[in-house]
Structure formats: structure tokens, C-alpha cells
Amino acid sequence: MKETTAEEVWLPNVPLIKLKLADHIVEYLWKQIDKAALNQRDANGNLAGNISKSLYLDDDNDYFYNNVLLSVCHDYYEKYHMAIPCFRNSTSNKDSPTGMSIKNFWVNSQRQTEFNPIHDHGGVMSFVVWMKIPTKSEDQHNLPISANSNSPVASDFQLSYLNVFGAMRSINIAMDPEVEGSMLLFPSTMMHQVYPFYECDDDRITISGNLYYNID
């Protein structure tokens, strides 16, 4: 009698890209944050965050884009562009990330109890860079507000999406000092949020931005 065999057929999906930035890139980003503190170009009115301080950044000579984002986005595009509508439906005549640029670039200084409600971004791809994380996820989850919850999320970065059955699913990224200097790249239409942290007087400092196709 012939044995029954089975094989798994995986449905198409797209990943998130997380990478550790080189030290010289992190140093460059801190310099841009220092410049932003001098220029004081307030970004709060254009952002979803319930955060007291958000400032626009400059990417001098496209340094961050050329040395980090260009190659990462190009690899992502080559592998997954057919699965992401914003890649397929661009109004630009450019058909790869070589025709993209940073259109929005800002730094958030988040204080305890402040938060970023669930939202998405404009553009094609978005990124977040964690520059300073003054809390530990385990400590935050053990606070009285979270300790007895079956879904502790205090201080977490969370992305949400629908699975193939249309059910809401989330992925949480723990915020610990170990993620400092790391970047997460994801499609701009992906919903995400940042939960508040507590019992810490230091600011959490993060950088975010959006990549758009250049329109000729």
C-alpha cells in the first residue's frame, strides 16, 4: 500500500528587515539630532505621536540614504516588489529604489507616559532607528500596570497586520538598550504603534522616516 505524502505550501508574505547600523552611521545620526536641536523645526503637527517633542532632521548630501537605505531597499524591492501594492502602483516612471528619496525624516524624544497611537505612514517604505532606549522590557512588563495582564505591552514597539484569514495579528519588538543603533525597515502602509513606558525620567530617542518615489 502506497503511503500518503504531504508537503507544505507557504503563502506569499513579506518580511520586516532589521539591521544593526555601523558605528559611523550612528555617529552621523547623532550629529543630525544635534543640528535639529539648534534648528528647532517642529514636526509634531504632521505626526500621529502623542509626544511632546518631534523635530525634523536633514540628511546632508543624502548620506544616510546612500550609505544605508539605498542598498537595503534595493534588495527588498528585488525580492518582494510584486507582493507590495505601493511598489507595483507607483505613479513614478522609476521602477526601483534608485528612484527613491527620503521625503520625511524626524527625531522623536519620547517621555514616560507618552505614546504613538496606531497609524501608518505615507510613501513606499518606512524605517525607525532606535537611538536611545533608557528602559528594559522585562522591567516594564513587571510593573503593576502590566504584571497581571495576559498581554503585557508597556514600552513595546508593535506592528499589526491581517493574516490570510483576515484576522488581526501583531508582532511586538521589545525595547531594551540592546536595540540601540538598530534600524527596522517595513512597508509604509503597515500599521504600527509605540506603547508608553513608565517610572523612568530619561527620554527615549528614536528616528523615523519615509521613502517616496521621485516624480519626474
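For the numbers below, each heavy atom of this structure counts, side chains included, while hydrogens, waters and symmetry mates do not.
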Check: [Y] main-chain N/O paired with [X] side-chain donor or acceptor under 3.5 Å:
| X | Y | value |
| --- | --- | --- |
| Ser182 | Val179 | yes |
| Arg204 | Phe197 | no |
| Asp176 | Glu178 | no |
| Ser208 | Trp106 | no |
| Tyr76 | Pro15 | yes |
| Asn39 | Ala37 | no |
| Gln140 | Tyr198 | yes |
| Asn108 | Ile51 | no |

Taking atom types as modelled, find out whether [X] and [Y] have a side-chain donor-acceptor pair closer than 3.5 angstrom.
| X | Y | value |
| --- | --- | --- |
| Gln158 | Asn172 | yes |
| Gln32 | Asp58 | no |
| Glu114 | Ser52 | yes |

Could Lys31 and Asp60 be called an ion pair, given the rule that one side-chain N must be under 4.0 Å from one carboxylate O?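 Looking at Lys31 and Asp60, the cut-off is not met.
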Heavy-atom side-chain contact between [X] and [Y] under 4.5 Å:
| X | Y | answer |
| --- | --- | --- |
| Ile33 | Ile207 | yes |
| Pro177 | Lys136 | yes |
| Asn104 | Tyr212 | yes |

Ring centroids only, cut at 6.0 angstrom: are Phe64 and Phe127 within range, meaning strictly under it?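 Judged by ring-centre distance (under 6.0 Å), Phe64 and Phe127 do meet the cut-off.
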Working for side-chain contact (heavy atoms from CB on, under 4.5 Å), residues Lys132 and Asp202: CA-CA 9 Å; Lys132 179 185 176 184; Asp202 292 334; 4.1 Å; yes
Students often mix this up, so state it plainly: with edges at 30° and 60°, are the rings of Tyr28 and Tyr63 parallel, tilted or perpendicular?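 Rings of Tyr28 and Tyr63: tilted, 30 to 60°.
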When the ring planes of His192 and Phe157 are compared, do they come out parallel, tilted or perpendicular, using 30° and 60° as the limits? parallel
Please report the interatomic distance CE(Met191) to CG(Leu159), rounded to the nearest 0.5 Å. 10.5 Å
